[in-house]
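Note sheet for the following structure.
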Amino acid sequence: MTENTTTEKKPMHFAAYLGLYIGAWIAGAVVANGVSIIMGSIYAQATAPVIIGFWIGKSLMKNRRRDWIGILCFPIFTFVSGLFGHAMSYALANQSASGVNYSALISLVMAFVLSCGLFAILNTKRKVLD
């Protein structure tokens with residue numbers, strides 16, 4: 001049998017891929033800031049830890065494909081991780097004065113867990129379908 005190369009999907013160019021991630025992140029920031037200024041600041045504070053946790057989770061789950069689901073979930077992960085990190089840091093601050101310093105670490109761990117879960121599910125679906 002011969003393979004029909006015209007029906008194969010071409011991978012997205014990496015610059016377009018990163019541009020879509022940045023666009024999704026900006027759209028999430030606009031929505032978070034539209035809800036309230038506090039939500040916008042929580043979203044902004046969670047950005048760096050979520051980027052690190054998201055990409056580590058993606059690489060550990062060996063998800064090297066550029067998926068639309070990952071692009072769409074990135075701002076959601078940032079929002080959820082930021083809210084969770086912010087809430088947990090306030091809960092820890094009631095226990096100890098240094099609890100507020102853990103919000104970035106909590107956001108990082110939350111993003112890592114969410115991305116591992118998402119990309120593990122995506123890998124499982126791909127293996128079943130292939």
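No hydrogens, no waters, no symmetry mates; every other heavy atom, side chains included, goes into these values. A quick note: this is a predicted structure, and the numbers were derived from the prediction, not measured.
The main-chain N or O of W25 is found under 3.5 Å from a side-chain atom of Y43 such that the two form a donor-acceptor pair. Put simply, the side chain of T78 never gets that close to the backbone of V50: no donor and acceptor are under 3.5 Å apart.
No side-chain heavy atom of F79 sits less than 4.5 Å from a side-chain heavy atom of V31. Here the side chains of I56 and I52 are in contact, with some heavy-atom distance below 4.5 Å.
Summarising the geometry of S107 relative to A46, their closest heavy-atom pair is OG-CB, 4.1 Å, with the distance given to 0.1 Å. In terms of heavy-atom proximity, A32 sits nearest to M39 at O-CB, 3.3 Å. Closest approach of I42 and L83 over heavy atoms only: CG2-N, 3.7 Å.
More than 12 heavy-atom neighbours from other residues, nucleotides or ligands sit within 6.0 angstrom of CG on L60. Residue L105 places its CG atom among more than 12 non-hydrogen atoms of other residues, nucleotides or ligands, all under 6.0 Å distant.
Rounding to the nearest 0.5 angstrom, the gap separating the CG atom in L18 from the CD1 atom in I71 is 9.0 Å.
Aromatic rings from F54 and F119 are positioned such that their centres are separated by under 6.0 Å.
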Quiz prompt | CA sep, side-chain torsions, deciding dist, call: I76, L72, side chain to side chain contact (heavy atoms under 4.5 Å, CB included) | solution = CA-CA 7 Å; I76 296 168; L72 295 175; 5.8 Å; no
Quiz prompt | side chain to side chain contact (heavy atoms under 4.5 Å, CB included) between C116 and M61, worked out | solution = CA-CA 6 Å; C116 281; M61 292 296 114; 4.1 Å; yes
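Each of Y90 and I37 belongs to its own hydrophobic cluster when Ile, Leu, Val, Met, Phe, Trp and Tyr are linked at side-chain heavy-atom distances under 4.5 angstrom.
Note on ring orientation: taking the six-membered ring where Trp is involved, the planes of Y21 and F74 are perpendicular (angle over 60°, cut-offs 30° and 60°).
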